[in-house]
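All values below were derived from every heavy atom in this structure, side-chain atoms included, with hydrogens, water molecules and symmetry-related copies excluded.
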Amino acid sequence: MASVGPSAASTQPALPSGPAVFKTIPYAFILPEILCGTWVWILVAATSVSLPLLQGWVMYVSLTSCLISLLLLLSYLLGLHRNSENWKVLDSLYHGITAILYMSAAVLQANATINSEFGTNAPLNYQLNCAASFFAFLTTFLYILHAFSIYYQ
């Protein structure tokens, strides 16, 4: 008689806990997402925010995403997921939605970069905005990679 209990559940790949999070794709993307998102926030904050509506959204998305990703990373490090399949769905949904929000923020930051080219204190603000745009698109790419690699895992 075949048993359907624990052996069926053991065929599913286990969610990483502790330091294994940093060695497992897609969970290894969490730390670079946090670092690049932090750079977006720092670089936008370092400019003289000339377009507060555009760059306010960029700062909101980057800061909120960094904090939620940090909480998610801590929950994986502490093993709070208890190897539940619901965590994979939650992780994939979070990273998919965040990728869409980050794409909107990256496009708005690119627009702010173009508008800052000839403003007051133009060279410094333009360079900071260019760097913020680069990191915003890089962070978007990382969130997309994370979301799809969970989906295809």
Side-chain angles (χ1 to χ4, degrees), residues 13 15-153:
L15 293 172
S17 295
V21 171
F22 300 114
K23 299 175 186 173
T24 310
I25 300 281
Y27 307 101
F29 291 131
I30 295 177
L31 192 57
E33 290 164 1
I34 293 169
L35 294 175
C36 290
T38 303
W39 272 112
V40 172
W41 184 79
I42 289 170
L43 290 166
V44 172
T47 66
S48 63
V49 179
S50 57
L51 301 164
L53 188 58
L54 300 180
Q55 290 181 305
W57 175 250
V58 174
M59 291 178 76
Y60 172 76
V61 168
S62 63
L63 187 60
T64 304
S65 300
C66 283
L67 292 176
I68 294 173
S69 292
L70 185 63
L71 289 174
L72 192 61
L73 176 64
L74 288 174
S75 66
Y76 279 121
L77 288 173
L78 298 175
L80 298 177
H81 53 76
R82 296 189 181 131
N83 210 21
S84 171
E85 285 297 313
N86 294 334
W87 277 82
K88 283 187 178 181
V89 174
L90 173 77
D91 198 336
S92 182
L93 282 174
Y94 165 70
H95 282 89
I97 291 169
T98 305
I100 293 169
L101 293 176
Y102 241 109
M103 180 58 80
S104 71
V107 168
L108 290 175
Q109 180 57 38
N111 185 16
T113 301
I114 293 168
N115 289 332
S116 72
E117 187 173 7
F118 300 110
T120 59
N121 201 7
L124 179 62
N125 281 333
Y126 181 71
Q127 291 168 355
L128 290 170
N129 281 322
C130 281
S133 296
F134 171 77
F135 280 108
F137 281 108
L138 179 64
T139 307
T140 302
F141 181 66
L142 288 170
Y143 276 106
I144 291 170
L145 279 177
H146 191 130
F148 278 112
S149 59
I150 288 176
Y151 181 73
Y152 288 113
Q153 189 179 30

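Here the side chain of Thr64 pairs no donor or acceptor atom with the backbone of Val61 at under 3.5 angstrom. Ser69 places no side-chain N or O within donor-acceptor distance of the main-chain N or O of Ile30, the cut-off being under 3.5 Å. Of the possible polar contacts, none joining the Ser92 side chain to the Val89 backbone as a donor-acceptor pair under 3.5 Å is found.
Scanning both residues, Phe29 and Ser149, for their nearest heavy atoms gives CE1-OG, 4.1 Å. Listed here is the closest heavy atom pair of Ala99 and Ile144: CB-CG1, 3.6 Å. In plain terms, the two heavy atoms of Met59 and Trp41 that are nearest each other are CE-NE1, 3.5 Å. Shortest non-hydrogen contact noted between Val40 and Ala136 is CG2-N, 3.4 Å.
To the nearest 0.5 Å, atoms CD1 (Ile34) and CD1 (Ile68) are separated by 11.0 Å. If you take CD on Gln127 and OG1 on Thr113, they are separated by 11.5 Å, rounding to the nearest 0.5 Å. Atom NZ of Lys88 is separated from atom CG of Leu93 by 14.0 Å, given to the nearest 0.5 angstrom. Between atom CG of residue Leu67 and atom OG of residue Ser62 there is a gap of 9.5 Å, rounded to the nearest 0.5 Å. The line from OG1 of Thr98 to CE of Met103 is 13.0 Å long, rounded to the nearest 0.5 Å.
Residues forming a side-chain contact (heavy atoms from CB on, under 4.5 Å) with Ala110 (at least two apart in sequence, or on another chain): Ser133, Phe137. The side-chain contact (heavy atoms from CB on, under 4.5 Å) search around Leu72 returns Ser75, Tyr76, Trp87, Asp91, Tyr94, His95, not counting sequence neighbours. With sequence neighbours left out, the side-chain hydrogen bond (donor to acceptor under 3.5 Å, both in side chains) criterion links Trp57 to Ser104. With sequence neighbours left out, Cys36 forms a side-chain contact (heavy atoms from CB on, under 4.5 Å) with Phe135, Leu138, Thr139, Leu142. Not counting sequence neighbours, the partners of Leu124 by the side-chain contact (heavy atoms from CB on, under 4.5 Å) test are Asn121, Leu128. For Ser65, there are no side-chain hydrogen bond (donor to acceptor under 3.5 Å, both in side chains) partners, not counting sequence neighbours.
Residues Thr47 and Gln55 are in side-chain contact: their nearest non-hydrogen atoms beyond the backbone lie under 4.5 Å apart. No side-chain heavy atom of Leu73 sits under 4.5 Å from any side-chain heavy atom of Glu33. In this structure, the side chains of Gln109 and Asn129 come closer than 4.5 Å at one or more pairs of heavy atoms.
Side-chain atoms of Asn125 and Ser116 include no donor-acceptor pair closer than 3.5 Å.
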